[in-house]
Number of protein chains: 2
Amino acid sequence: MHLREITETLKKRRKLLGLTQVRFTELSGVSLRTIKALESGKSNPTFETLTRLAEVLNMELNLEFKLPKFF
Amino acid sequence: MHLREITETLKKRRKLLGLTQVRFTELSGVSLRTIKALESGKSNPTFETLTRLAEVLNMELNLEFKLPKFF
DNA sequence: ATAAAAAGAGCTGTATAATGCACTTAAGAG
DNA sequence: CTCTTAAGTGCATTATACAGCTCTTTTTAT
């Protein structure tokens, strides 16, 4: 997944769970500033930042083999 | 996956493909210093760095739901 | 249409990721 | 063992992620 897909997924799921950005910072420990930058596509986040956010959403980052397109 | 798992996986696959760290920098564009730090567990890499390395190995990072442990 | 809440942006400081160079240590081949 | 190559470390520099504050814009509800 490209970074844009990942951030979009995080954002959509955050909203699906009815969380505001503020509540998201409280639950994740990632600053509001960082979340805003990330969601508006203005950063190259560290692995830890993405992981802390994913965690709150019951998600995680996995390293996998690329699958051929027809999958 | 935790960072340690990810870096171990990258390292193992790099070796499996018979690549040295030097060759890995040439193919990925990530500096030798950064690869050394990463593989020896001394950094919190950016998404881009991980992606560039994974790319060379025909792998990628995916954001997924956590599965219950019995899977 | 207005008020309130949420999201985004500018400015700034601090921490640290990424980099290059030189050196040391470890691993492999002869 | 020695020689060669690969991997890891220390130090210094540069770039930038992270963070807090304030202000603006957008969205949502009344």
Side-chain angles (χ1 to χ4, degrees), chain A residues 1-69 71, chain B residues 1-69 71:
Chain A
M1 291 170 84
H2 292 285
L3 180 56
R4 217 168 309 154
E5 282 179 82
I6 289 180
T7 57
E8 275 309 307
T9 301
L10 289 173
K11 190 172 181 175
K12 279 180 187 163
R13 180 146 172 82
R14 169 179 70 75
K15 292 195 171 186
L16 192 67
L17 297 180
L19 301 176
T20 64
Q21 289 181 337
V22 169
R23 188 81 189 108
F24 206 19
T25 75
E26 293 166 353
L27 295 173
S28 65
V30 173
S31 81
L32 184 57
R33 197 68 189 73
T34 296
I35 289 174
K36 286 180 187 306
L38 180 69
E39 288 196 354
S40 54
K42 295 185 177 142
S43 75
N44 168 28
T46 61
F47 181 83
E48 189 183 340
T49 293
L50 289 176
T51 295
R52 281 159 77 182
L53 296 177
E55 188 81 19
V56 171
L57 307 175
N58 195 37
M59 300 185 83
E60 63 182 345
L61 285 166
N62 291 320
L63 178 65
E64 299 169 332
F65 286 103
K66 282 193 189 176
L67 295 177
K69 302 229 180 218
F71 269 96
Chain B
M1 291 171 84
H2 292 283
L3 180 58
R4 217 167 311 152
E5 282 178 83
I6 289 179
T7 57
E8 275 309 308
T9 301
L10 290 174
K11 190 172 180 174
K12 278 180 188 165
R13 181 148 171 81
R14 170 179 68 75
K15 291 194 171 187
L16 191 69
L17 297 181
L19 300 177
T20 64
Q21 290 181 338
V22 169
R23 189 79 189 109
F24 206 19
T25 75
E26 293 168 353
L27 295 172
S28 65
V30 174
S31 81
L32 183 57
R33 196 69 188 72
T34 295
I35 289 174
K36 287 179 187 306
L38 181 69
E39 289 195 355
S40 53
K42 295 182 178 145
S43 77
N44 169 28
T46 61
F47 181 82
E48 188 183 340
T49 293
L50 289 176
T51 295
R52 282 159 75 183
L53 295 177
E55 188 81 20
V56 171
L57 307 176
N58 196 36
M59 300 184 83
E60 64 181 345
L61 284 166
N62 291 320
L63 178 65
E64 298 170 334
F65 286 103
K66 281 193 190 177
L67 295 177
K69 302 228 181 220
F71 269 96

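These numbers were taken from a predicted model, which means no experiment stands behind them. Naming convention: chains lettered A, B, ... in sequence-line order (proteins, then strands); numbering from 1 in each chain.
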Tell me: [atom1] of [X] to [atom2] of [N], nearest whole Å?
X       : N      : atom1 : atom2 : answer
A:Ile35 : D:dC18 : CD1   : P     : 11 Å
A:Phe24 : C:dG8  : CZ    : C1'   : 16 Å
A:Glu39 : C:dA9  : CD    : P     : 12 Å
A:Phe47 : C:dA18 : CZ    : P     : 13 Å

Checklist entry - Can you find a pair of side-chain heavy atoms, one from B:Leu50 and one from A:Leu63, that are under 4.5 Å apart? => result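 No, too far: nothing below the 4.5 Å cut-off.
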
Item to check | Side-chain heavy atoms of A:Leu38 within contact of A:Val30, under 4.5 Å | outcome: no

If I take atom [atom1] from residue [X] and atom [atom2] from residue [Y], how far apart are they, to the nearest 0.5 angstrom?
X       : Y       : atom1 : atom2 : result
B:Asn62 : A:Ile6  : CG    : CD1   : 7.0 Å
B:Leu19 : B:Ile35 : CG    : CD1   : 10.0 Å
B:Thr9  : B:Leu16 : OG1   : CG    : 12.0 Å

Between [N] and [X], is there an OP1 or OP2 to side-chain N/O distance shorter than 4.0 Å?
X       : N      : value
A:Lys42 : C:dA9  : yes
B:Ser40 : D:dT9  : yes
B:Thr46 : C:dA18 : yes

Checklist entry - Of all residues at least two apart in sequence or in a different chain, which pass the salt bridge (Lys or Arg N to Asp or Glu O under 4.0 Å) check with B:Glu48? => result B:Arg52

Next on the checklist: If the condition is salt bridge (Lys or Arg N to Asp or Glu O under 4.0 Å), which residues does B:Glu26 pass it with, not counting sequence neighbours?
Outcome noted: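 Result, salt bridge (Lys or Arg N to Asp or Glu O under 4.0 Å) vs B:Glu26: B:Arg23.
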
Checklist outcome for this item: So, with a heavy-atom separation below 4.0 Å from DNA chain D, the residues of residues 10-23 of chain B are B:Lys11, B:Arg14, B:Thr20, B:Gln21

Checklist outcome for this item: By side chain to side chain donor-acceptor pair (under 3.5 Å), B:Thr34 pairs with (sequence neighbours left out) B:Ser31

Checklist entry - Sequence neighbours excluded, which residues qualify as side chain to side chain donor-acceptor pair (under 3.5 Å) partners of B:Thr46? => result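 Partners of B:Thr46 by the side chain to side chain donor-acceptor pair (under 3.5 Å) criterion, ordered by chain and then number, come out as A:Asn44, B:Thr49.
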
Item to check | Listed partners of A:Leu3 passing side-chain contact (heavy atoms from CB on, under 4.5 Å), at least two apart | outcome: A:Thr7, A:Pro45, B:Phe47

Checklist entry - Which residues pass the side-chain contact (heavy atoms from CB on, under 4.5 Å) test with A:Ser40, sequence neighbours left out? => result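 A:Ser40: side-chain contact (heavy atoms from CB on, under 4.5 Å) contacts with A:Lys42.
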
Pair up each side-chain donor or acceptor in residues 54-61 of chain B with any protein partner under 3.5 Å, not counting sequence neighbours, and list the distances.
unit_1  : atom_1 : unit_2  : atom_2 : d
B:Glu55 : OE1    : A:Lys66 : NZ     : 3.3
B:Glu55 : OE2    : A:Lys66 : NZ     : 2.8
B:Glu60 : OE1    : A:Met1  : N      : 3.1

Checklist entry - Per the end-axis method with five pairs at each terminus, what is the bend angle of the helix from C:dA1-D:dT30 to C:dG30-D:dC1, to 10°? => result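 Roughly 70°, once rounded to the nearest ten degrees.
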
Show the distances under 3.5 angstrom between N or O atoms of the protein and N or O atoms of nucleotides 19-23 of chain D.
unit_1 : atom_1 : unit_2  : atom_2 : d
D:dA19 : OP2    : A:Ser31 : N      : 2.9
D:dA19 : OP2    : A:Ser31 : OG     : 3.1
D:dA19 : OP2    : A:Thr34 : OG1    : 2.9
D:dA19 : O5'    : A:Ser31 : OG     : 3.4
D:dG20 : O6     : A:Arg33 : NE     : 2.8

Item to check | Any pair counted as salt bridge (charged side-chain N to carboxylate O under 4.0 Å, His left out), so long as it reaches residues 10-20 of chain A, sequence neighbours left out | outcome: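 Applying salt bridge (charged side-chain N to carboxylate O under 4.0 Å, His left out) to every pair that reaches into residues 10-20 of chain A, excluding sequence neighbours, yields A:Arg14-A:Glu39.
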
Checklist entry - How does protein reach along nucleotides 23-30 of chain C, written 5' to 3' as B (base within reach of a heavy atom under 4.0 Å), S (only sugar-phosphate), or - (no contact)? => result --------

